[in-house]
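Written out below as structure tokens is the structure these notes cover.
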2 protein chains.
Amino acid sequence: MGASKLDIYPESINQMAAIAKVFAHPARIAILQYISKQESCICNDIVDEIGLSQPTISQHLKVINDAGLLKGNFKGKSICYCLNVERFKEFQIVLNSFFNGTTSNCC
Amino acid sequence: MGASKLDIYPESINQMAAIAKVFAHPARIAILQYISKQESCICNDIVDEIGLSQPTISQHLKVINDAGLLKGNFKGKSICYCLNVERFKEFQIVLNSFFNGTTSNCC
DNA sequence: AAATTATATCGTAATATTGCAATGTTACAA
DNA sequence: TTGTAACATTGCAATATTACGATATAATTT
């Protein structure tokens with residue numbers, strides 16, 4: 001196998017897992033942190049910052065972007081990636097509602 | 001490759017990614033939710049609840065347990081898995097401090 | 001002790017992820 | 001229009017993850 005059986009879970013759980021997956025790689029966390037620290041951001045800057053090749057960074061950026069976490073300002077040949085704060089906060093809310101809805105009275 | 005280059009990131013980032021990884025599979029989220037709803041929990045119950053085989057559930061439980069998210073009460077042949085609420089809250093704090101420390105003023 | 005029950009571990013197949021070199025693409029510059 | 005700089009895409013190799021059947025283990029029950 002190797003593939004997750006997504007069809008057996010409720011949508012809310014799959015959504016939560018999809019969100020977590022974006023953060024499940026250190027490169028993507030580092031990229032998000034770096035972007036959030038900049039006024040504007042150019043992909044090549046990230047390549048210098050983090051020790052990964054340009055294609056690899058580009059790939060991670062795609063994952064982040066597909067999750068809706070980026071807003072792009074396409075000015076000139078350098079693309080400015082920015083954090084989509086609204087979407088980012090949405091993620092935080094989903095995660096927190098999961099945490100807050102989960103308790104334990106056993107043990 | 002296929003392996004993440006963990007050595008190029010600060011510890012805090014690797015820790016954050018490791019936490020996210022636990023939640024990056026719907027089965028593990030479903031298991032955590034199920035455990036938190038029960039007074040006590042037996043693995044076989046989870047197998048009935050979620051549509052995965054016993055070995056697969058056991059494997060996911062190991063991942064959750066290795067992350068320190070379970071406290072076990074070993075009474076008899078049925079093992080009682082319980083949520084380690086303290087650890088769980090720790091995870092929430094790490095995630096939230098990441099979210100709150102990340103903003104954007106570009107675009 | 002033998003059977004039973006609940007869970008863990010092993011082995012293996014299928015698929016996903018990570019990473020990079022090579023190559024495309026696109027927009028500006030000269 | 002010919003470069004060139006900044007990404008994106010493709011193709012591939014290495015490793016990780018997911019899932020399950022078969023089997024082991026460990027505690028109860030009979």
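Each chain gets a letter, A, B and so on, in the order the sequences are listed, and its residues count up from 1.
Counting atom types as modelled, Gln59(A) pairs no side-chain N or O with a base atom of dA8(D) as donor and acceptor under 3.5 Å. Residue-to-nucleotide contacts include no donor-acceptor pair under 3.5 Å from the side chain of Gln54(A) to the base of dA6(D).
The distance between atom CD1 of Ile57(A) and atom P of dT18(C), rounded to the nearest whole Å, is 12 Å. We find that CG of Asn65(A) is positioned 14 Å from P of dC7(D), with the value rounded to whole Å. We find that CD1 of Ile31(A) is positioned 12 Å from C1' of dT18(C), with the value rounded to whole Å. In this structure, Leu61(B) atom CG and dT17(D) atom P are separated by 17 Å, rounded to whole Å. In this structure, the CD1 atom of Ile46(B) is 14 Å from the P atom of dA6(C), given to the nearest Å. Straight-line distance from the CG atom of Asp48(A) to the C1' atom of dA6(D): 12 Å, rounded to whole Å. Arg28(A) places its CZ atom 9 Å from the P atom of dG19(C), with the value rounded to the nearest Å. Regarding Leu6(A), its CG atom lies at a distance of 12 Å from the C1' atom of dT15(C), rounded to whole Å.
Contact annotation: Ser53(A) side-chain N/O to dC20(C) OP1/OP2 distance is under 4.0 Å. The shortest distance between the side-chain N/O atoms of Ser58(B) and the OP1/OP2 oxygens of dA8(C) is below 4.0 Å. Contact between the side-chain N/O atoms of Lys21(A) and the OP1/OP2 oxygens of dT17(C) is found at a separation under 4.0 Å. Contact check, Thr56(A) against dT18(C): no side-chain N or O comes under 4.0 Å of OP1 or OP2.
Which of dT18(D), dG19(C), dT9(C) sits closest to the side chain of His25(B) comes down to dT18(D). Listed nucleotides: dT17(D), dA19(D), dA21(C). Nearest to the side chain of Pro55(A): dA21(C). You'll find that the side chain of Lys62(B) is closest to dT9(C), out of dT9(C), dA19(D), dG19(C).
Between the side chain of Arg28(A) and the main chain of His60(A), no donor-acceptor pair closer than 3.5 Å is present. Arg87(A) places a side-chain N or O within 3.5 Å of a backbone atom of Ala67(A) that can act as its donor or acceptor partner. A distance-only check finds no donor-acceptor pair linking the side chain of Asn65(B) to the backbone of Leu61(B) [under 3.5 Å].
Under the 6.0 Å cut-off for aromatic ring centres, Tyr34(A) and Tyr81(A) do not qualify, their centroids lying 6.0 Å or more apart.
Evaluation of the salt bridge (Lys or Arg N to Asp or Glu O under 4.0 Å) rule for Lys62(A) yields Asp66(A) as partners, not counting sequence neighbours.
Among the atoms of the strands shown, only primed sugar atoms or phosphate atoms (P, OP1, OP2) are found under 4.0 Å from some heavy atom of Ser4(A).
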